[in-house]
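Worksheet for the structure shown next.
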Amino acid sequence: MQKLLHNLNPEQLAAVTLPAQHALILAGAGSGKTRVLTTRIAWLIQTQQVSAAGLLAVTFTNKAAKEMLTRLSAMLPINTRGMWIGTFHGLCNRLLRTHHRDAALPQTFQILDSQDQLSVIKRLLKANNIDDEKFPPKTVMYFINNAKDQGLRADKVDAYDANERKLVELYQMYDEQCQREGVVDFAELLLRTYELLSRNQPLREHYQARFRHILVDEFQDTNNLQYNWLKLLAGHGSRDGGALFAVGDDDQSIYAFRGANVGNMSSFEREFQVKNLIKLEQNYRSHGHILDSANMLIANNSKRLGKNLRTDAGHGEPVRVYEASSDLQEAQWIIEESKSLIAEGASRSEIAVLYRSNAQSRVIEHALFSAGIPYHVYGGQRYFQRAEVKHLIAYLQLMDNPHNDSAFLRVVNFPTRGIGVRSIEQLQAAAEQYGISLYAAVPYVAGKAGSSLAGFVKLVEGVRFETQQLPLPEMVRVVLEASTLLQHYQNEKEGADRIENLEQMVSAATQFISEEGFGQGAPAYLGPQAQAQSGAAVALGDGVEVLDADAPLAAVMSPLSAFLSHASLEAGDNQAQAGQEALQMMTVHSAKGLEFDNVFITGLEEGLFPHESSSKEDGGVEEERRLMYVAITRARQRLYLSFAQTRMLHGQTRYNMKSRFFDELPEESLKWLSPKVQANWFGNKKSAWDMAPMSSAGSDNAIAQKIAHASGPGWRIGESVSHGKFGEGVIVNIEGGGGNARAQINFGQYGMKVLDLSIAKLERLGR
DNA sequence: AAACAACGCATTTTT
DNA sequence: TGCGTTGTTT
């Protein structure tokens, strides 16, 4: 135990060894949050305060869950398999599989990813002749997910106008459709579990009694449904609930746009009467100047629980700030700085380039490519999302649950087998008429269409029969052949990558089997009937069956069902491959939780970061500031901040002011670098424009011409000016000439103004 | 059924 | 500007 707790600082130690009571841990960036969480689990088990089965730990991402399991295995000589550690969705999946009857779901229910969900909605809108101009599928999806995230079914959603009533109606129809198909979306996993436990008292009490300790990671990211889910499981309001241990950082709350509610932190404190509140403020990551910058910036936010990071490391290097004349030049500068970092011995994978939005990566990528520096961009398409992989998965889905219409439509004519739109329309009409799935409706379609559809059904049935005794990887292999997917891509000219991805499915299945305990020595899958009679299930009063605590997933679902869940819940890594010697590029959002020796935060301009659309939402700018806080705290040793006077965005040149965040950083921690070649609007031929590596692209020339034409005697486009009332601004355009000249000026947070140049008192800024 | 043109749209993202 | 979606042509 000494070993377990050694090297913890006093706050960490206090958090780890708290009594079995509710607790809120405010864990600053780089304060050892994951360490506290995992050590607490290990400590609870080792001191025998709880068994491994009496504990539940929940995270948002699979990566975080895996990390926790890995660290735990290193701390304790226990088998972590079978422990209730996972994502909200993963744990819900497990509960719903175990209690599928009580949850009114088929045992082989399947999970829709966002793509699938959208296609269900599109189909629904089409089938009901709904104008998708008036009800865009994306809007409908947002409406439905939002309602579910609030814990509301269609009959509980308030509708104030005809439009909303229609949305509610669509929500209702969507849920019915999913129920018919035996599919659930992500939000449904949570809502269904929540409803199951609310409704079913014996079940609820069983789990409440079981989970003595519930631990939550990234608590600031929970939405209302997740918070209520936790309240329910922790037995809030009942005599004998478990202890809820929540770890989070309100300053790193950057997901309000997807329903996260930071307010859950204070609600938790109040509703659970939390007496144990511990702040982890000792930072083990960043040097002083970086931390000072982060602290001073975030102090500008009003709604905070209050926390200040400190470090024992020295001040370190100052934060370097660079003003570029253009986005191209900014990219060029990043390359120069990276080169010298690498020359000084920095590993490429320890250099991260962060940006607010993905559109900004293009220019930088181009420059990196030209310079021959290997790089990796996060956030591309994930393995299980690729079209060819989803096709193969659709065949597997049909074998496990033929009523999944999305899967059916995806592959009924892919590869093409002469089943055209007319056949599908006939089939859809029949399915509609009898209220059944497309698959079940096949026998009701007559004629040529009917026989080709029957051929498809025969194919699926045939493969299902043929493979039912085979191990999963072999099953995948057979489906790969029988579906003729491989053949199809072999005939395609650019199909080599796709074939490789398809082949990889066999190894993905192999790996899944071995990692998830479906391999040799795994408990045999019992099947729906056998489960109840076997030792895996214990009878609980009133005939409710509750699977035994340690019943692994392998006992409640077939390898195929499990693999399909896995494919939906874990779309595959788009996180960095560790050890890959490449410079890391990503949005600030995806950088959360990561750290690097050297970090560039780019595009620090008003309108971009903070993003312009954030100023419209209340609390938007504060969230942007938290985002900046997250970005800054990613850096261990060196931090670079940059902005550009001119930026090409959506095919238009934009003149932005530098971000307001610069004014919120400690001047003494910053070191302003002067551009190697300053942009020069006054005719200097050796300007940065000409030095830019890609100036032949044409855009620079176009800008240069525009400047030349618009140049009046006094003011020029792109020039920085100062105004008595609006402060600093950048001239974006000049209309008219002589005494009538008016300038359109971007005053950043004060907006765009058009000023008469003969009236407005402008001052030239010597930038 | 595939190839091509036209259109509109463009924060941030995990499950 | 550049991509993904939709409609049109061959």
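These values consider heavy atoms only, across backbone and side chains, with no hydrogens, waters or symmetry-generated copies. Lettering follows sequence order; numbering is per chain, from 1.
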Checking [X] now: which residues fulfil side-chain hydrogen bond (donor to acceptor under 3.5 Å, both in side chains) with it, not counting sequence neighbours?
X: A:Thr38; answer: none
X: A:Asp249; answer: A:Gln252, A:Lys307
X: A:Arg123; answer: A:Glu181, A:Ser406

Which is true for A:Ser613 with a 4.0 Å heavy-atom rule: it touches a base, it touches only sugar-phosphate, or it touches nothing? base
Classify A:Glu624 by what it touches in the nucleic acid, base, sugar-phosphate, or nothing, heavy-atom distance under 4.0 Å.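 Counting heavy atoms under 4.0 Å across all strands, the contact made by A:Glu624 includes a base.
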ring centroid sep under 5.5 Å plus plane angle under 30, A:Phe60 with B:dT15: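 Aromatic stack with B:dT15 absent for A:Phe60.
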Please answer whether B:dT12 and A:His589 are stacked, defined here as ring centres separated by less than 5.5 Å and planes angled under 30°. no
Sequence neighbours excluded - side-chain hydrogen bond (donor to acceptor under 3.5 Å, both in side chains) pairs with any residue from residues 407-421 of chain A: A:Tyr395-A:Arg417
Is it true that a side-chain atom of A:Arg634 and a backbone atom of A:Leu594 form a donor plus acceptor pair closer than 3.5 Å?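 Checked: pair present.
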Contacts of A:Glu515 that satisfy side-chain contact (heavy atoms from CB on, under 4.5 Å) - sequence neighbours left out: A:Gln511
Decide, for B:dT12, between syn and anti: a glycosidic angle within 90° of 0 counts as syn, anything else as anti.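 You should classify B:dT12 as anti.
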Pairs satisfying salt bridge (charged side-chain N to carboxylate O under 4.0 Å, His left out), at least one member in residues 607-621 of chain A, at least two apart: A:Glu612-A:Arg654
Do any of residues 384-392 of chain A sit with a heavy atom less than 4.0 Å from DNA chain B, and if so which? none
Could you tell me whether the side chain of A:Ser590 has a donor or acceptor atom within less than 3.5 Å of a complementary atom in the base of B:dT13?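 No such pair is found, so the answer is no.
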Considering only the P atoms, how many Å lie between B:dT13 and C:dG4, rounded to the nearest integer?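 Straight-line distance between the two P atoms is 15 Å.
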Output one letter per nucleotide in nucleotides 1-10 of chain C: B when a protein non-hydrogen atom lies under 4.0 Å from the base, S when only the sugar-phosphate is that close, - when neither is. BSS-------
Can you give the donor-acceptor pairs under 3.5 Å from side chains of residues 128-137 of chain A to other protein atoms, not counting sequence neighbours?
{"from": "A:Asn128", "atom 1": "ND2", "to": "A:Leu124", "atom 2": "O", "distance (Å)": "2.8"}
{"from": "A:Asp131", "atom 1": "OD1", "to": "A:Glu133", "atom 2": "N", "distance (Å)": "2.9"}

